[in-house]
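Report on one structure; see the data block that follows.
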Amino acid sequence: MRVYLPSTLSGLAGILRDRKLEPAPLTGYAVTPALREWYASADLEELEYAAMSDAARDSLRLLAADPEAPSRRVVIAAEVPDEAVVHAGGDLGDPGERARVRVTQPVPFERIVSGHVDDAEAETDVRAARAASDAADAGDDDARFTVDGAAGHELLWYATQELPHLFS
C-alpha cells in the first residue's frame, strides 16, 4: 500500500542517515475506504493526491513542534506491506482523518519510492502556516486561511537517489 508519511527536512536527514523511518507506530496517510467513499468520483491519482495533501498538512504540525527545522514541508511516499497499515480511525467527519493510517513497523529505506518537498520559495508561507497551525486546528478561520496559503504551494517530487542533494 502506498503511504504518505509527513516529515521535515531534519527528519529527512535522519532517514537518510539511518536508512529507515522509525520509531513505529508512524502516522501516515493513504487511500483508505473512508477516503474512497468521501471522494467517490475521484480516480486513484486524485485520491493519492488528497492523501499526500493531508500528509503535507501534518508536516506543518511537525514543523510547529521543531523550531530548528527549516520551514519546508516534507512528505515521504513509501510502499508499505498491507499488514503493517491500520486505519487510524478518529472522526471521519474531519477530512484529515479519512486518509489517516498507522504504520505499525519501521519503514526501511528500500520501501521509500519518493520524497516531496517544498521549494525554497514557499518558506515564507510555510513559516506563517507553521505558526498558525495550532490555532487552525482549534478552528480559527484566519489561521486556517494562513495554513491554506502554504497548501497553495505544490510539493516538488524527488526520486530517492535525489534526496541527499537537498542537503548539499
Side-chain angles (χ1 to χ4, degrees), residues 2-15 21 25-78 80 85-103 107 112-158 163 166-167:
R2 177 71 51 96
V3 177
Y4 298 91
L5 300 146
S7 191
T8 63
L9 282 175
S10 302
L12 178 58
I15 292 165
L21 282 89
L26 300 161
T27 297
Y29 296 84
V31 177
T32 63
L35 183 63
R36 284 183 190 279
E37 182 180 331
W38 173 72
Y39 201 6
S41 65
D43 62 20
L44 181 60
E45 185 175 328
E46 291 170 311
L47 291 167
E48 286 181 337
Y49 185 82
M52 186 174 75
S53 295
D54 288 341
R57 172 68 180 91
D58 212 10
S59 176
L60 286 175
R61 292 180 186 99
L62 297 175
L63 287 170
D66 182 1
E68 300 301 315
S71 292
R72 292 169 73 183
R73 297 167 301 158
V74 175
V75 174
I76 304 298
V80 178
V85 179
V86 177
H87 189 274
D91 177 12
L92 295 182
D94 177 359
E97 293 295 319
R98 294 180 185 121
R100 187 183 309 255
V101 296
R102 188 174 65 250
V103 178
V107 178
I112 295 174
V113 295
S114 60
H116 306 266
V117 182
D118 273 314
D119 186 84
E121 293 177 9
E123 285 190 43
T124 300
D125 288 337
V126 172
R127 188 175 304 110
R130 86 194 278 181
S133 181
D134 288 342
D137 287 344
D140 182 302
D141 287 336
D142 291 334
R144 285 184 181 161
F145 182 79
T146 300
V147 168
D148 289 344
H153 293 276
E154 293 293 325
L155 298 175
L156 302 177
W157 179 91
Y158 292 88
L163 292 172
L166 289 166
F167 301 97

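The structure presented is a predicted model; accordingly, all values stated were derived computationally and were not measured.
At least one side-chain heavy atom of Leu12 sits less than 4.5 Å from a side-chain heavy atom of Phe167. Put simply, the side chain of Val117 does not reach to within 4.5 Å of the side chain of Leu156, judged on heavy atoms. Between Asp125 and Asp118 the shortest side-chain heavy-atom distance does not fall below 4.5 Å. No side-chain heavy atom of Val31 sits less than 4.5 Å from a side-chain heavy atom of Arg2. Side chains of Tyr39 and Leu47 form a contact here, defined as non-hydrogen atoms less than 4.5 Å apart. Side chains of Arg73 and Leu60 form a contact here, defined as non-hydrogen atoms less than 4.5 Å apart.
Annotation: the span from Arg98 atom CZ to Thr32 atom OG1 amounts to 9.5 Å, rounded to 0.5 Å. Separating the CZ atom in Arg72 from the CZ atom in Arg130 is a distance of 12.5 Å, to the nearest 0.5 Å. Leu5 contributes atom CG, which lies 10.5 Å from atom NE2 of His116 (distance to the nearest 0.5 angstrom). To the nearest 0.5 Å, atom OH of residue Tyr29 and atom OG of residue Ser53 are 11.5 Å apart. Taken from CD1 in Ile15 to CG in Leu163, the straight-line distance is 9.0 Å, to the nearest 0.5 Å. For the atom pair Ser7 OG and Asp58 CG, the distance stands at 10.5 Å (nearest 0.5 Å).
Distance alone, capped at 3.5 Å, is enough to place a donor-acceptor pair between the Ser59 side chain and the Val74 backbone. Under a 3.5 Å cut-off, the side chain of Arg102 and the backbone N or O of Pro25 do not form any donor-acceptor pair.
Evaluation of the side-chain hydrogen bond (donor to acceptor under 3.5 Å, both in side chains) test over residues 40-50, restricted to residues two or more places apart or in two chains, returns Tyr49-Glu154.
For the side-chain contact (heavy atoms from CB on, under 4.5 Å) test, residues two or more places apart in sequence or in another chain that qualify with Leu62 are Pro6, Thr8.
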Show me, pair by pair, the donor-acceptor contacts under 3.5 angstrom made by side chains of residues 132-140, not counting sequence neighbours?
| from | atom 1 | to | atom 2 | distance (Å) |
| --- | --- | --- | --- | --- |
| Ser133 | OG | Arg57 | NH1 | 3.1 |
| Asp137 | OD1 | Arg57 | NH2 | 2.6 |
| Asp137 | OD1 | Arg61 | NH2 | 3.0 |
| Asp137 | OD2 | Arg61 | NE | 2.9 |
| Asp140 | OD1 | Asp142 | N | 2.8 |
| Asp140 | OD1 | Ala143 | N | 2.8 |

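Looking at every heavy atom in both residues, Ala56 comes nearest to Leu155 through CB-CD1, 3.9 Å. Taking both residues in full, the closest heavy atoms of Pro70 and Leu63 are given as O-CD2, 3.3 Å, listed atom of the first, atom of the second, then distance.
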